[in-house]
Amino acid sequence: MNAHATPTPAHEIDPTGATPVMAQFFEMKARQPDALIFFRMGDFYELFFDDAYKAAAALGISQTFRGTHNGQPIPMAGVPQHAAEAYLSKLIRLGFKVAVCEQMEDPAEAKKRGSKAVVRRDIVRVVTPGTLTEDGLLDARGANRLAAVALRAGQAAVASVELSTGEVEVLAVAKEGVAPILAALAPSETLVADRLLSDDSLSQTLRICGGLVQPMPSALSEPQASETRVKRLYGVETLDGFGGLSPAEIGALGLIAAHLEMTQAGRLPALRAPRRAADADVMAIDPATRSSLEIDRTQSGDRNGSLLAAIDRTVTAGGARMLASRLARPLLDVAAIDQRLDAVEWFVEHRQLRQRLREVLKGAGDMARALSRLALGRGGPRDLGCIRDTLKVGERLAGMAGGAPDPLSPPPFELEHAFKALTPALHEGLSQFLTTLEHGLGPDLPALARDGGFVAAGVRPELDQARGLRDDSRKVIAALESQLALESGVPLKIRHNGVLGYFVEATAGKADPLFQPPLNATFIHRQTLANQVRFTTVELADLDARIAQAAERALAMEVAAFEDWREQARLLADAIQIASEALARIDVASSLAEWAEDAGAVRPVVDASYAFDAKAARHPVVEAAVKRAGEPYTPNDCRLDASGETAARLSIVTGPNMAGKSTFLRQNALLAILAQSGCYVPAASFRLGVVDRLFSRVGAGDDLARGRSTFMMEMVETASILTQAGPRSLVILDEIGRGTATYDGLAIAWACAEALHDTNRCRALFATHYHELATLETRMAFVSNLSLRAKEWNGDLVFLHEAAPGPADRSYGVQVAKLAGVPAPVVVRAREVLDRLESKDQSPAKLDDLPLFAVSQAVAVTSAPAKAAPSAVETSLADLDVDGMSPREALEALYRLKGLLTA
């Protein structure tokens, strides 16, 4: 058998005859057959059989063999315990599920049951993408959600949990509404009943939006079984306190509860009550639109270059996650939007206070994730320290806000409640817990409780005594060493190792007196080595026992203190989570005010109208890039009104390539997202009637996996828009119909524009190179023309990036080709063909006589004669009989031809 042999899955190997340790492994593998088993053995996590092959290939580590089972070598690979987190991270990113099997007792305890007893082991957690809580495995500024999708009686529901912070949501949606919700949540892992995977549309949605898709037995989503699991997860007798949950919502929550029971090995996370919502509560943005607008990631997957990166000035991890969540799901409730805007405006008006608050905020830790780790038994003293320090930051912030210098401008509703949540005095239990941590935790906190040294001196007298004996042992041992050397007259040292404990050591040449009376009554022989002899004494053995017991007793008292504080944190989870969310709200509002000041953004007016009125608006991402290059950005106006009362419903946008049509379209879509997320917008002014659905068809690629061309993808996305957009929707379309024949494309674009105007009756920007569409302005009641201007100057094209009323006069495609570096002969030929196409006596529909593939000479003229007369050189060449010429005659002919060229 070799390292490249095809492995037999461990769960198919006969466990009969296994050693006690291998029997443990087989038991764990039987419980988690589809997971890699991280089997703890001392300082390593070992993997066996096919797990070893998979892990070695994925992690780039050595795969070896150790021992045998049923006469065959056992494949093995391993990773050090201290570096396991990095290896776990890589495996999870590669899509593996990992079951962590820990040693549940000290080897010394196992030996008490017999010399052949093995250490008891058990699975303490199953690590999947949606259940990560460790800082090293998570993006501090990004959410890590576990989602579940359930369908019951035609009604769908999507539930999600952010295990690292305890946030839980459940959304009742129509079946077609699953895609926008999942795209907004961007889960790392999605649970779905296996029977639903036979639904092609839902499977496609999950493939695009759902992260790792985890099929679950359909029985786990049945309402009755799900209700039982959700009650058990929350420790309640009834779900009535969560509102009237529908069967689909209970089913989705039940899938999450089942998954958490399995992966967390019975430990209950600190979860908040489910926050219920419906698809009517947030702006619907489908996956294609979200991708094209680059809200939180560019189309290449990078955060830099996205809208989120451009406006993010948050200074806490929780604030960064909240800002990303708000941009992902803009609100529809005008009152709720105004509450967010009020908070931003207050910080804009209180600039100095804002700057002081932000400096204090920088000292806040990620309290929500620290609490989650503590609740799940994975936390340590540093997590308690994070809660202590962050609560103190909150207390300072509340005090600063309470002493605001402007009593006539108190904090608005959202900030007032946030500052109250951060005032421990208003929550007795939280105040007492903070005091306990302030006095109880020492200055240097280890990552793990078992490392000790984190309980402050003076908190527990018995702990101080044990520590005194442990820490003073060096002095005591040194004094005893001097005493024994003096009494014996033999040079000796007292040393320590893990086998013998403390012992007296003398060189072999000097140790003889210690074997003789009277010293042999004091020095008891333990071990003889080549150059040293080792002894003990009754006093040293007693001291050794007391020192070891003191260290063990001190550590046991510290661990007990940690467990006590951890339990207090768990019981105060709601208050701690509310305080953490309050900090995030303050961070988001103050950071948006900071960005608004930097970017010259203004407060939008969001109302229930159908208007879209932007004056001197800018694209936040492009403007930032242009400013970095030291160039000015040209702002633009845009006015739309679905009712047709104050502006056109549909604007046809024309202009040359590179003039900025796509930027203009995206810019206006991003303004709507910013406004309804509760952000200021980069414009001189902006009024928006709430947008319920946002659609963008800007650019597309092939979907080769499904056999779809670019044009097919364009038509699929266009069909989705035309079947779903309504009067409150905002639609931006770019170059519809360009992927097919000219007349087909024009016909499709024309029909789509008519449908948007007459049937969907939504606000729409329609960019096109089909200038024929400009005539729609005179044919339809609520259509206008806009064009991105460009001018020719000395043969070159200058882009003005200015959107002005009216259609573009031409496309300037040949000039753009020249700017792009197309070879000069090709540009000349293109200009020639264009001139002929645009001539009055030439019909675009009758191009049979146009010699598109005729050979043209590369001359710097815009036109050439259809057929040139042969030159004297060409005539002379044609008359030559090359095959019948002698070398001398050929040479004379060459001189003659050369003479004709110079004549």
Side-chain angles (χ1 to χ4, degrees), residues 40 42-43 80-86 102-109 124 133-136 363-367 369-393 432-480 494-499 501-502 543-570 572 576:
R40 181 72 176 271
D43 293 333
Q81 182 271 335
H82 69 270
E85 194 170 281
E102 286 286 1
Q103 294 180 176
M104 306 305 290
E105 62 181 350
D106 188 270
E109 290 296 316
V124 296
T133 56
E134 293 82 353
D135 281 340
D366 201 340
M367 188 162 58
R369 286 188 169 173
L371 172 66
S372 179
R373 285 190 293 273
L374 289 168
L376 289 168
R378 295 173 205 151
R382 288 180 188 170
D383 291 309
L384 288 172
C386 173
I387 292 176
R388 174 198 63 190
D389 297 341
T390 306
L391 287 175
K392 288 167 67 177
V393 165
Q432 291 176 352
F433 185 50
L434 176 56
T435 301
T436 297
L437 294 182
E438 285 185 291
H439 290 93
L441 288 175
D444 298 319
L445 302 177
L448 302 173
R450 67 169 179 258
D451 293 334
F454 56 86
V455 177
V459 175
R460 300 194 176 189
E462 66 277 15
L463 174 59
D464 292 340
Q465 291 174 4
R467 280 176 170 174
L469 179 57
R470 181 198 66 192
D471 298 339
D472 291 342
S473 62
R474 289 185 179 181
K475 296 178 183 178
V476 175
I477 291 294
L480 180 59
I494 294 181
R495 302 189 185 281
H496 182 276
N497 67 28
V499 176
Y502 285 100
L543 184 60
D544 187 3
R546 286 191 289 118
I547 290 172
Q549 289 171 3
E552 292 176 2
R553 193 164 64 252
L555 181 57
M557 283 188 281
E558 289 205 74
V559 170
F562 171 78
E563 289 298 323
D564 179 41
W565 295 335
R566 188 181 72 82
E567 180 62 14
Q568 289 183 51
R570 190 186 68 80
L572 291 167
I576 293 172

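Residue numbers start at 1 and run along the sequence shown.
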Report task. Can you see which heavy atom on A554 is nearest to which on A466, and at what distance? Result -> CB-CB, 4.0 Å
Query raised in the report: Between the side chain of D43 and the main-chain N/O of Q81, is any donor-acceptor distance below 3.5 Å?
Result: no
Requested in this report: Ignoring hydrogens and angles, tell me if any N or O in the side chain of Q103 forms a donor-acceptor pair with the backbone of G42 under 3.5 Å.
Outcome: yes
Report summary line: Q432 meets the side chain to side chain contact (heavy atoms under 4.5 Å, CB included) criterion, sequence neighbours left out, with E428
Report summary line: Distance col, row I387:CD1 vs R566:CZ, nearest 0.5 angstrom, shows 11.5 Å
Query - Expected output: side-chain D383 to main-chain G380 donor-acceptor under 3.5 Å - result: yes
Query raised in the report: Is there side-chain contact between D389 and V393, with heavy atoms separated by less than 4.5 Å?
Result: no
Report summary line: CG of L384 to CD of Q568, rounded to nearest 0.5 Å, is 9.5 Å
Requested in this report: Go through M367 and L391 one step at a time and tell me if the side chain to side chain contact (heavy atoms under 4.5 Å, CB included) criterion holds.
Outcome: CA-CA 8 Å; M367 188 162 58; L391 287 175; 3.9 Å; yes
Report task. Answer yes or no: is there a side-chain heavy-atom contact under 4.5 Å between L374 and W565? Result -> no
Query raised in the report: Which pair of non-hydrogen atoms, one from A447 and one from P381, has the smallest distance, and what is that distance?
Result: O-CD, 3.8 Å
**Report entry** Inter-residue atom distance L480.CG - I477.CD1, 0.5 Å rounding
**Finding:** 6.0 Å
Requested in this report: Assess whether side chain to side chain contact (heavy atoms under 4.5 Å, CB included) is satisfied between M104 and V124, documenting all intermediate values.
Outcome: CA-CA 9 Å; M104 306 305 290; V124 296; 3.9 Å; yes
Query raised in the report: Quick one: CE on M557 to CD on Q465, what's the gap to the nearest 0.5 Å?
Result: 8.0 Å
Requested in this report: Return yes if some donor-acceptor pair links the side-chain N/O of D464 with the main-chain N/O of G458 below 3.5 Å, else return no.
Outcome: yes
**Report entry** Exercise: identify the closest heavy-atom pair between D451 and P446
**Finding:** CB-CB, 3.8 Å
Report task. Output the distance between atom CG (L445) and atom SG (C386), rounded to the nearest 0.5 Å. Result -> 11.0 Å
Query raised in the report: Below 4.5 Å, heavy atoms only, C-beta onward: do R388 and K392 meet side chain to side chain?
Result: yes
Query raised in the report: Would a distance-only check, ignoring hydrogens and angles, find a side-chain to backbone donor-acceptor pair under 3.5 Å from T133 to R373?
Result: no
Report task. Using a strict 4.0 Å threshold on nitrogen-to-oxygen distance, state whether R467 and E558 make a salt bridge. Result -> yes
Requested in this report: Work out which heavy atom in G385 is nearest to a heavy atom in L441; give both atom names and the distance.
Outcome: N-CD1, 3.7 Å
Query raised in the report: Can you find a heavy atom in the side chain of Y502 that is under 4.5 Å from one in the side chain of I494?
Result: yes
Query raised in the report: So do V455 and F562 actually touch side chain to side chain, heavy atoms under 4.5 Å?
Result: no
Query - L572 side, atom CG; E567 side, atom CD - distance, nearest 0.5 Å - result: 10.0 Å
